[in-house]
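Presented below is the structure to which this report refers.
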Amino acid sequence: MFLNKIFNSINLIRKPKKIDSVVFISKHKHWAEFGSNKEEFEKWVSETCGIYCLKMLGDTLNLTNKITIFELTMQVFKAGGFKIEKDGTITGVFHKPLMQIVKSFGIKGRVIRKLNHTLIKKYLFQGKIVILSIDLHKVNKTLSGGHLILIHKYDESLNDYILHDCANVLNNEGSNISVSTEYIESISNSKGLVWWN
């Protein structure tokens, strides 16, 4: 409903890569933009694609503009959205705790366990935003794990989705990427979240 008016105004917020060289990180101080010190940035940034999706929509709605990515990450962590393993690695973001924090900002939504092309189109036509979980290995054989992308429009003339990818995994731009429905289906984990207001 309300999102029909802001489909094209949702701005991409890029997620810096943890694998950037130490010199690059030091020079550009990504941790300051992240809202933390260097150690916390390096610890958390790899797992924050869902947080970046929340920040993109939240900032568009003037709900999260004064909150850093790190502060949002800690809110989701406290809600059970991440797990720190014994070896120090972090797993997450888990969808239900993320949804809990999303709702705390007045954004409505739900976790979808079986999300296919038909449902994605249906939600987009209802003016909702779809946060889709994709399999990184299906995008690039050198990658592994899951990743969340923000789908905000469906282009009927092309039969393509228009989406933001905070980590630039799907292409170098990351913003308003046009992706075929066939490709989305081929990389999808068939689960995600739907957000609206």
Side-chain angles (χ1 to χ4, degrees), residues 3 7 10 12-19 44-58 69 72-73 76-77 79-85 89-103 107-126 128-155 158-196:
L3 289 173
F7 268 142
I10 297 176
L12 171 73
I13 301 174
R14 280 185 173 65
K15 182 176 86 153
K17 291 179 172 55
K18 184 179 178 182
I19 57 172
W44 290 98
V45 71
S46 297
E47 304 302 323
T48 54
C49 52
I51 309 301
Y52 276 85
C53 289
L54 167 56
K55 181 81 168 146
M56 283 187 265
L57 181 58
I69 292 290
L72 287 172
T73 301
V76 175
F77 174 56
F82 297 98
K83 181 179 178 185
I84 301 178
E85 305 292 346
T89 59
I90 297 171
T91 55
V93 64
F94 303 120
H95 295 181
K96 284 186 178 180
L98 175 60
M99 190 68 249
Q100 180 184 331
I101 299 305
V102 168
K103 287 182 175 179
I107 300 169
K108 297 175 185 171
R110 59 184 217 171
V111 175
I112 309 293
R113 293 174 193 231
K114 293 186 179 179
L115 190 55
N116 60 26
H117 167 64
T118 305
L119 278 177
I120 294 171
K121 276 191 358 184
K122 174 186 166 187
Y123 291 130
L124 292 172
F125 285 142
Q126 292 173 349
K128 298 173 180 175
I129 295 291
V130 176
I131 309 301
L132 180 68
S133 172
I134 62 172
D135 184 339
L136 288 174
H137 190 66
K138 292 178 180 176
V139 175
N140 183 327
K141 300 294 183 197
T142 66
L143 301 174
S144 63
H147 178 52
L148 294 175
I149 55 175
L150 186 151
I151 305 175
H152 60 88
K153 190 174 183 180
Y154 177 71
D155 187 327
L158 297 173
N159 196 28
D160 281 2
Y161 293 112
I162 311 300
L163 59 92
H164 288 335
D165 171 15
C166 68
N168 298 2
V169 173
L170 299 178
N171 76 12
N172 287 332
E173 293 301 314
S175 178
N176 293 313
I177 305 168
S178 184
V179 179
S180 73
T181 55
E182 294 79 14
Y183 184 63
I184 283 291
E185 293 235 304
S186 74
I187 62 173
S188 173
N189 284 324
S190 301
K191 59 185 177 181
L193 307 98
V194 178
W195 297 341
W196 70 93

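Keep in mind that this is a model prediction, so the values were computed, not measured.
For the atom pair NZ (Lys103) and NZ (Lys108), the distance works out to 10.5 Å, reported to the nearest 0.5 Å. In this structure, Ile129 CD1 and Leu150 CG are separated by 5.0 Å, a value rounded to the nearest 0.5 Å. To the nearest 0.5 Å, the span separating CD on Glu47 from OG1 on Thr89 amounts to 8.0 Å. Between Ile107 atom CD1 and Lys128 atom NZ the span is 14.0 Å, to the nearest 0.5 Å. Taken from CD1 in Ile134 to CG in Leu170, the straight-line distance is 4.5 Å, to the nearest 0.5 Å. Taking SG of Cys49 as the reference point, atom CG of Leu136 lies at 8.0 Å (rounded to 0.5 Å).
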Note to self: Quick one, His147 with Asp165, criterion side-chain contact (heavy atoms from CB on, under 4.5 Å). Give me CA distance, side-chain angles, the key distance, then yes/no.
What the structure shows: CA-CA 9 Å; His147 178 52; Asp165 171 15; 2.6 Å; yes

Margin query: As a quick check of understanding, evaluate side-chain contact (heavy atoms from CB on, under 4.5 Å) for Lys138 and Ser188, giving each step before the final call.
Written below: CA-CA 9 Å; Lys138 292 178 180 176; Ser188 173; over 6 Å; no

Notebook entry, point to check: Given Lys153 and Leu124, is the side-chain contact (heavy atoms from CB on, under 4.5 Å) satisfied, shown in steps?
Noted result: CA-CA 6 Å; Lys153 190 174 183 180; Leu124 292 172; 5.9 Å; no

Next item on the list: Begin with the C-alpha distance, continue with both residues' side-chain angles, and end with the deciding distance and a verdict on side-chain contact (heavy atoms from CB on, under 4.5 Å) for Ile51 and Phe82.
Entry: CA-CA 11 Å; Ile51 309 301; Phe82 297 98; 4.2 Å; yes

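At a threshold of 4.5 Å between non-hydrogen side-chain atoms, the residues Ile184 and Leu163 count as touching. Side-chain atoms of Ile187 and Asp135, non-hydrogen and from C-beta on, never get closer than 4.5 Å to each other. Between Ile69 and Trp44, every side-chain heavy-atom pair lies at or beyond the 4.5 Å cut-off. With a 4.5 Å cut-off on side-chain heavy atoms, Thr181 and Tyr154 count as touching. Side-chain atoms of Met56 and Leu12, non-hydrogen and from C-beta on, do get closer than 4.5 Å to each other. Ile131 is not listed as a side-chain neighbour of Leu98, based on a closest heavy-atom distance of 4.5 Å or more. Side-chain contact between Ser178 and Leu158 is present, with heavy atoms from C-beta onward closer than 4.5 Å. Within the 4.5 Å cutoff, side-chain heavy atoms of Asn176 are placed close to those of His152.
Listed here is the closest heavy atom pair of Arg113 and Lys96: NH2-NZ, 3.0 Å. Closest non-hydrogen pair, His95 versus Leu193, comes out as O-CD2, 3.6 Å. Taking every heavy atom of both residues into account, Tyr52 and Ile13 meet most closely at CD2-O, 3.5 Å. Smallest separation of non-hydrogen atoms from Trp196 and Arg110: CZ3-N, 4.0 Å. Nearest heavy atoms, Trp195 versus Gly50: CH2-O, 4.3 Å.
The side-chain contact (heavy atoms from CB on, under 4.5 Å) check on Phe94 picks up Lys83, Thr91, Pro97, with sequence neighbours excluded. Listed by chain and residue number, Ile112, Leu119, Ile120, Tyr123, Val130, Leu132 satisfy the side-chain contact (heavy atoms from CB on, under 4.5 Å) test with Leu115 (two or more places apart in sequence, or in another chain). For the side-chain contact (heavy atoms from CB on, under 4.5 Å) test, residues two or more places apart in sequence or in another chain that qualify with Glu173 are Arg14, Asn171.
Checking side-chain atoms of Tyr183 against main-chain N and O of Asp160 turns up no donor-acceptor pair under 3.5 Å. Looking at His164, its side chain never comes within 3.5 Å of a backbone N or O of Ser175 through a donor-acceptor pair.
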